[in-house]
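Computed from a predicted structure; not experimentally measured.
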Amino acid sequence: MHLSSMTGFTRGQGSFSYQNKTYAWVWEIKSVNAKGLDVKTRIPQWLSGLDEEVKKLCAVYFARGTVNVSLDITSDGAEPDVLLNTELLAKLTAKVSEIYLAGPELFAKPNPTDLLNIDGVVTVKENTPDEAEVAELKAALLAGFKTVAGALAQDRRNEGTKIYDALQNILVQIKQTTDKAAAVYAGVNDKIKAKVISQINELAADVNVSEERLGQEALLLIMKADVKEELDRLYVHIKTAGELLAESNPVGRRLDFLCQELNREANTLCSKSMDIMQTQYGMELKALIEQFREQIQNVE
């Protein structure tokens with residue numbers, strides 16, 4: 001048994017040091033039901049290419065589900081550097097002081113902030129990581145992501161174990177109900193014959209019916225009520241469901257298709273029914289198959 005759920009959530013954190021920088025990150029992965037595998041990422045743009053690597057890894061760990069991946073990363077050494085052109089500042093200070101002292105009554109007292117705002121005095125240099133730093137950081141991030149993805153895959157398998165137990169229980173009930181319907185069908189022919197004879201006897205005073213005609217009518221009703229093929233197919237589908245649950249590969253889609261086939265046979269069992277108990281068991285089968293279907297909607 002190796003069923004996996006498609007829903008789960010996990011997060012993991014880590015760090016990476018490079019020269020004077022220390023990066024800290026948090027990976028979060030959340031997965032929900034989907035027909036196929038759909039990976040959505042939220043990763044800082046400056047880590048270009050990392051999102052594609054993450055999507056490739058998700059395809060290794062997961063077969064189905066909408067997987068939302070987010071990365072939150074910070075660095076304690078990524079603040080921009082502020083460079084001061086002291087030579088230019090000294091020349092400007094001297095020149096401004098000279099002008100002010102020449103006519104203090106004409107000019108306001110120089111403000112240091114005004115000098116710092118002059119082009120070329122102060123330069124802000126972004127502390128952008130180089131290619132080598134980014135490459136090593138990406139490698140560390142991907143290693144951390146593998147750990148988190150592996151944890152989510154295990155969490156989905158743990159949930160899959162619970163689903164497996166529920167499916168097995170429902171499958172047993174489907175088999176038991178099919179057995180009951182088969183037992184009713186085994187005696188339905190005699191019931192039909194008795195019903196036809198009873199109805200003819202009620203009309204015997206006014207209608208003359210031959211034994212041959214009576215047999216024909218009974219045969220026609222028996223043919224209409226024949227559900228042997230439907231019961232046989234139900235048993236085959238039940239057996240197939242048990243085999244699928246024992247497989248180690250993702251079987252959610254095949255189980256979903258099998259539910260459609262089970263439901264089709266149950267519907268026919270009800271529509272052909274000429275016995276109240278057979279109708280009741282057919283309805284019970286439909287309810288159980290719906291429970292089965294609801295469970296497998298979450299199976300990978």
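Residues Lys95 and Lys91 form no side-chain contact, since every pair of their non-hydrogen atoms from C-beta on lies 4.5 Å or further apart. Between Leu71 and Leu47, the closest side-chain pair of non-hydrogen atoms falls below 4.5 Å. Taking the side chain as every heavy atom from C-beta outward, Glu133 and Tyr23 approach each other to under 4.5 Å. Contact of the Ser31 side chain with the Thr66 side chain is not registered, since no non-hydrogen atoms from C-beta on lie closer than 4.5 Å. Side-chain contact check for Val69 versus Lys40: every heavy-atom pair is 4.5 Å or farther apart. Contact check for Leu37 versus Arg64: no side-chain heavy atoms found under the 4.5 Å cut-off. Using a 4.5 Å cut-off on side-chain heavy atoms (C-beta onward), Lys138 and Val134 make contact. With a 4.5 Å cut-off on side-chain heavy atoms, Ser70 and Thr41 do not count as touching.
Using a 4.0 Å cut-off between charged nitrogen and carboxylate oxygen, Glu243 and Lys239 count as a salt-bridge pair.
Heavy-atom minimum distance, Cys58 versus Phe145: SG-CZ, 3.7 Å. Taking both residues in full, the closest heavy atoms of Ala63 and Glu300 are given as N-OE2, 2.8 Å, listed atom of the first, atom of the second, then distance. Taking each heavy atom of Thr10 and Ala151 in turn, the nearest pair found is OG1-CB, 4.0 Å. Counting all heavy atoms, side chain and backbone alike, Ala266 lies closest to Ile289 at CB-CD1, 4.0 Å.
At a threshold of 4.5 Å between side-chain heavy atoms, the hydrophobic network of Ile, Leu, Val, Met, Phe, Trp and Tyr places Val26 and Leu142 in two separate groups. Linking ILVMFWY side-chain heavy atoms closer than 4.5 Å, directly or via other members, places Ile276 and Tyr281 in a single hydrophobic cluster. One hydrophobic cluster holds both Ile238 and Leu245 under the rule that ILVMFWY side chains link at heavy-atom gaps under 4.5 Å. Met283 and Leu231 fall into different hydrophobic clusters, defined by Ile, Leu, Val, Met, Phe, Trp and Tyr side-chain heavy atoms under 4.5 Å apart, directly or through other members. Grouping the Ile, Leu, Val, Met, Phe, Trp and Tyr side chains by contacts below 4.5 angstrom, directly or via other members, places Tyr235 apart from Leu269.
Atom CD of Glu230 sits about 11.0 Å away from atom CG of Asn267, to the nearest 0.5 Å. Note that the OG1 atom of Thr177 and the NZ atom of Lys286 stand 14.0 Å from one another [nearest 0.5 Å]. The distance from atom NZ of Lys146 to atom CG of Leu141, rounded to the nearest 0.5 Å, is 12.5 Å. Residue Lys162 holds its NZ atom at 14.5 Å from CG of Leu167, rounded to the nearest 0.5 Å. Atom CD1 of residue Ile163 and atom OG of residue Ser4 lie 9.0 Å apart, to the nearest 0.5 angstrom. In this structure, CZ on Arg293 lies 7.5 Å from SG on Cys259, to the nearest 0.5 angstrom.
In this model, a donor atom of one side chain and an acceptor atom of the other lie less than 3.5 Å apart for Asn298 and Ser5. Side-chain atoms of Arg156 and Thr7 include no donor-acceptor pair closer than 3.5 Å.
Checking side-chain atoms of Thr22 against main-chain N and O of Tyr18 turns up no donor-acceptor pair under 3.5 Å.
Residue pairs meeting the side chain to side chain donor-acceptor pair (under 3.5 Å) criterion with at least one member in residues 254-265, sequence neighbours excluded: Arg233-Glu265, Glu247-Arg254, Asp256-Gln297, Glu261-Arg264. Within the structure, side chain to side chain donor-acceptor pair (under 3.5 Å) contacts touching residues 45-63 (residues at least two apart or in different chains) do not occur.
When each of Val148, Ile73, Leu152 is paired with Trp27, the side chain to side chain contact (heavy atoms under 4.5 Å, CB included) condition holds for Val148 and for no other.
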Residues Phe62, Met6; criterion side-chain contact (heavy atoms from CB on, under 4.5 Å); working and verdict: CA-CA 9 Å; Phe62 316 113; Met6 283 191 286; over 6 Å; no

Verdict with reasoning, Val67 to Asp38, per side-chain contact (heavy atoms from CB on, under 4.5 Å): CA-CA 6 Å; Val67 181; Asp38 181 20; over 6 Å; no

Using distance only, find each side-chain donor-acceptor pair of residues 168-175 under 3.5 Å and give its atom names and separation, not counting sequence neighbours.
residue, atom, partner, partner atom, Å
Gln168, NE2, Tyr164, OH, 2.8
Lys175, NZ, Asp179, OD1, 3.3
Lys175, NZ, Asp179, OD2, 2.9

